[in-house]
Amino acid sequence: MQIEDHLSELQVRIDRDAGGLADQVAAELRTAIRSGRLAGGVRLPASRELARDLGTSRGVVVEAYEQLVAEGFLVSRQGSGTRVADLHPAAPGGAVALESKAAPAVAYDLRVGVPDLSAFPRRAWLAAVRQVLRAMPHEALGYGDPGGVPQLRAELAAYLRRVRAAEVAPAQLVVTNGVAQGLRLVIGALARAGPIPLAVEDPHSVRTFALLEAAGAVRVPVPVDGEGIIVEELRRTPARAVMVTPAHQYPTGVVLSPRRRAELVAWAAEVDGMVLEDDYDAEFRYDRDPVGCLQALSPRRVVLLGSVSKALAPGLRLGWLVAPPPLAEAMRAARATSDLGSPVIDQHALAQFIASGAYDRQLRQLRRRYRARRDALTGALARWLPGAVVHGVAAGIQLYVELPPGHDEAATVEAALERGVAVEGVAPLRQAWPGPPALVLGFARLPEHRLTEAVRLLAEATSGR
Ligand SMILES: Cc1ncc(COP(=O)(O)O)c(C=O)c1O
C-alpha cells in the first residue's frame with residue numbers, strides 16, 4: 001500500500017497552539033489503535049511524511065512514535081518502518097472462527113465437518129483454472145445460466161449417474177453454493193406460504209439447525225435406530241417433507257437399510273411429500289460396496305443434495321441439487337431472483353477438473369488416506385477404550401463412539417479438551433429422543449500417529465469418569 005493511503009486514513013488532529021504536540025500526536029494514534037481503526041500490522045507513514053502533513057517538525061512525530069513503541073502500541077524495525085503492533089492476534093491462518101467459543105489450546109482436533117484441507121489438489125486445480133482461462137471466450141465471463149453453466153451440469157449429471165447411481169439429466173441439476181444453499185432453496189420453495197414442519201433425523205447435524213429454521217422449516221425430530229430413520233415414527237408426525245442422510249447417517253454413521261429406503265419412498269408417495277437427501281460424504285466408502293443414492297428409487301419424490309466440500313474443500317462453496325424437473329426449474333428461477341448464480345470461472349474449473357479425471361484421482365487418493373486414518377483410529381480405540389462401541393466405520397470421515405457404560409459425555413469432552421484433545425459430544429445433536437453418551441470423532445485431519453496419541457489422551461480423560 002502507498003504511504004499516501006495511510007496518511008489519509010490516519011486522521012490525526014492536533015491543536016498547534018496548545019503545545020505538547022508530541023503528546024497530542026501520540027494520544028491520537030493511541031486512540032486510533034485501541035479502537036481498532038488502525039489495525040495490527042498497518043504501516044505508519046515515515047516521520048518526515050507525517051510531520052509535513054501535520055505542519056510540525058519531524059522531531060514531534062519521532063518523539064510520538066518512540067513513546068508508542070515504548071508503550072507497545074507500535075513496532076519499529078530497521079528497513080520496514082513503523083507498524084501498528086498486533087494487539088489482537090487473529091485466529092490461526094487468518095480464519096474467522098465462526099463456531100468456536102473461547103478456545104483452549106487444541107493439539108489434537110477431532111471435531112467434525114472439515115476434511116483434510118492440506119489434501120486440496122492445488123496443482124491440479126490450478127491446471128484446471130489455467131486451462132479454463134486459456135480456452136474460455138470473453139462472452140463466457142458474463143452472467144452465466146443461474147442454474148449453472150451447461151458444461152458443469154453435464155459433467156455432474158454424468159458423475160452422479162456413474163458414482164451415485166442417480167437418475168439425473170442435466171436439466172434436473174442446479175449448481176449451488178454447497179448443500180447449505182441447496183437446502184435453503186428447496187425449503188424456501190416448499191415453505192413459500194409460511195413455515196412448514198420438516199422431519200429431521202434425531203440426532204442430526206447441529207450445523208444445519210439455524211439454516212433450516214431460517215429457510216422456513218420447523219424441525220420435527222424423528223428417531224434413528226440401527227437401520228436409519230424409523231419411518232413408523234415419521235408417519236406419526238404432521239410433516240410432509242423429511243431431510244435424511246441415507247449414505248451415512250450423521251452422526252450415528254448408520255447406512256439406511258434397503259427396507260427403510262422402500263418404506264421412506266412409500267411414505268413420500270402416500271403423503272404427497274418430498275425427501276431431501278443430504279449426500280454429504282457419500283464418496284468415502286471403505287469396506288462395503290457403494291450404496292446407491294435414495295433419489296434413484298423415487299426421482300419424483302427425492303431431492304439429492306451434494307457438494308465438493310468433503311472431496312475438495314468447503315471454501316470452494318460448490319455443490320448441486322438434483323430435483324424433479326418442475327422443482328429444478330423453480331430452483332433455477334430462485335437463483336435468478338436471488339444471486340444470479342455461482343461464479344462461472346469456478347464452475348468451469350470444476351467441470352474441467354471432473355472431465356480430466358482429476359476428481360476421480362482425488363477421491364481415490366483421499367479414500368486411501370482416510371482409510372488408513374480410520375484404521376488407526378479404530379485400532380487405537382480398541383486398544384485404549386475397549387469398552388466403547390464404535391459405529392459408522394464403513395464410510396465417511398467420522399466415527400460414532402458410544403462411551404463405556406457409566407461415563408458422562410460432557411465431562412469427557414471437557415476432560416479431553418483439558419488434555420488438548422477437541423472432540424464433540426452427541427448430546428447437543430439430540431433434539432427429543434434420548435440416547436447413550438457418545439462422541440463423534442472426526443479423523444480426516446490427523447495423521448495416524450497423532451490419532452493414536454489423541455485416543456490415548458482421550459482414554460486418560462475418560463478414566464474414572
Ligand atoms: C450433515 C451436513 N450436511 C451438510 C453440510 C453443509 O455442507 P456444504 O458445505 O455442502 O454446504 C454440513 C456441514 O458441515 C453437514 O455437516
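Keep in mind that this is a model prediction, so the values were computed, not measured.
For the pair N177/L318, no side-chain contact is recorded, criterion being any heavy-atom separation below 4.5 Å from C-beta on. Contact of the H348 side chain with the V149 side chain is registered, since non-hydrogen atoms from C-beta on lie closer than 4.5 Å. In this structure, the side chains of T82 and R43 stay at 4.5 Å or more apart for every pair of heavy atoms. At a threshold of 4.5 Å between non-hydrogen side-chain atoms, the residues L264 and V244 count as touching. The side-chain heavy atoms of F353 and L312, taken from C-beta on, include a pair separated by under 4.5 Å. L316 has its side chain within reach of F120: a pair of non-hydrogen atoms, C-beta onward, lies under 4.5 Å apart. Within the 4.5 Å cutoff, the side chain of Q398 has heavy atoms near those of the Y250 side chain. Using a 4.5 Å cut-off on side-chain heavy atoms (C-beta onward), L305 and V322 make no contact.
Ion pairing between a basic and an acidic side chain is recognised when a charged N comes within 4.0 Å of a carboxylate O; E283 and R164 show no such pairing. R260 and E201 are not joined by a salt bridge, as no carboxylate oxygen comes within less than 4.0 angstrom of a charged side-chain nitrogen. The pair R373-D116 meets the salt-bridge criterion, with a side-chain N (NZ, NE, NH1 or NH2) lying under 4.0 Å from an Asp/Glu carboxylate O. For R235 and E232, the salt-bridge test fails: no basic side-chain N is under 4.0 Å from an acidic carboxylate O. Checked for salt-bridge contact, D339 and R335 meet the test: a charged N lies under 4.0 Å from a carboxylate O. R236 has a carboxylate O that lies under 4.0 Å from a charged side-chain N of E233, or vice versa, which qualifies the two as a salt bridge. Checked for salt-bridge contact, D360 and R162 meet the test: a charged N lies under 4.0 Å from a carboxylate O.
No side-chain donor from either of T245 and D278 sits under 3.5 Å from a side-chain acceptor of the other. Residues S463 and E460 have side chains that never bring a donor and an acceptor to within less than 3.5 angstrom of each other. Between the side chains of T176 and Q181, no donor N or O sits under 3.5 Å from an acceptor N or O.
At distances below 3.5 Å, at least one donor-acceptor pair connects side-chain atoms of D202 with backbone N or O atoms of A432. Not one N or O on the side chain of E155 forms a donor-acceptor pair closer than 3.5 Å with the backbone of I354. A donor-acceptor pair under 3.5 Å is formed between the side chain of R374 and the backbone N or O of V393. Of the possible donor and acceptor atoms, none in the side chain of E402 sits under 3.5 Å from a partner among the backbone N and O of G435. With R240 contributing its side chain and D272 its backbone, the two residues share a donor-acceptor pair below 3.5 Å. Proximity of a side-chain donor or acceptor of R192 to a complementary backbone N or O of I187 within less than 3.5 Å is not detected. Checking side-chain atoms of Y370 against main-chain N and O of P115 turns up no donor-acceptor pair under 3.5 Å. Looking at R301, its side chain does come within 3.5 Å of a backbone N or O of G273 through a donor-acceptor pair. Although no hydrogens or angles enter the test, the distance criterion places no donor-acceptor pair under 3.5 Å between the side chain of R456 and the main chain of T452. Remark: the backbone N or O of E167 is paired with a side-chain donor or acceptor of Q295 at under 3.5 angstrom.
The nearest pair of heavy atoms linking M274 to V302 is CE-N, 4.3 Å. Here the shortest heavy-atom pairing between T252 and V224 reads OG1-CG1, 4.0 Å. Here the closest heavy-atom approach between residue R371 and residue D287 is recorded as NH1-OD1, 3.5 Å. In terms of heavy atoms, R285 sits closest to V291 at CD-N, 3.7 Å. Among all heavy-atom pairs drawn from V265 and S298, the shortest one is CG1-CB, 3.7 Å. Taking each heavy atom of V303 and P324 in turn, the nearest pair found is CG2-CD, 4.4 Å.
The CG atom of L377 sits 5.5 Å away from the CG atom of L451 when rounded to the nearest 0.5 Å. With rounding to the nearest 0.5 angstrom, the CG atom of D279 is 9.5 Å from the CG atom of L294. To the nearest 0.5 Å, atom CG of residue L190 and atom CG of residue L327 are 6.5 Å apart. Rounding to the nearest 0.5 angstrom, the gap separating the CD atom in Q431 from the NE2 atom in H204 is 7.0 Å. Atom-to-atom distance recorded for E263:CD and E270:CD is 10.0 Å, nearest 0.5 angstrom. The CG atom of L211 sits 7.0 Å away from the OG1 atom of T208 when rounded to the nearest 0.5 Å.
Residue F443 forms a side-chain contact (heavy atoms from CB on, under 4.5 Å) with just one option from V112, D375, T378, L399, and that option is L399.
For E71, the CD atom counts as densely surrounded, since its 6.0 Å shell holds more than 12 non-hydrogen atoms of other residues, nucleotides or ligands. Counting non-hydrogen atoms of other residues, nucleotides and ligands closer than 6.0 Å to CZ of R300 gives a total of 12 or fewer. The number of heavy atoms from other shown groups lying within 6.0 Å of CZ (R130) does not exceed 12.
Ring geometry for Y400 versus H391: interplanar angle of 30 to 60°, hence tilted.
Because its NZ or CZ atom is not both nearer than 6.0 Å to the ring centre of Y286 and within 45° of the ring axis, R367 does not count as a cation-pi partner of that residue.
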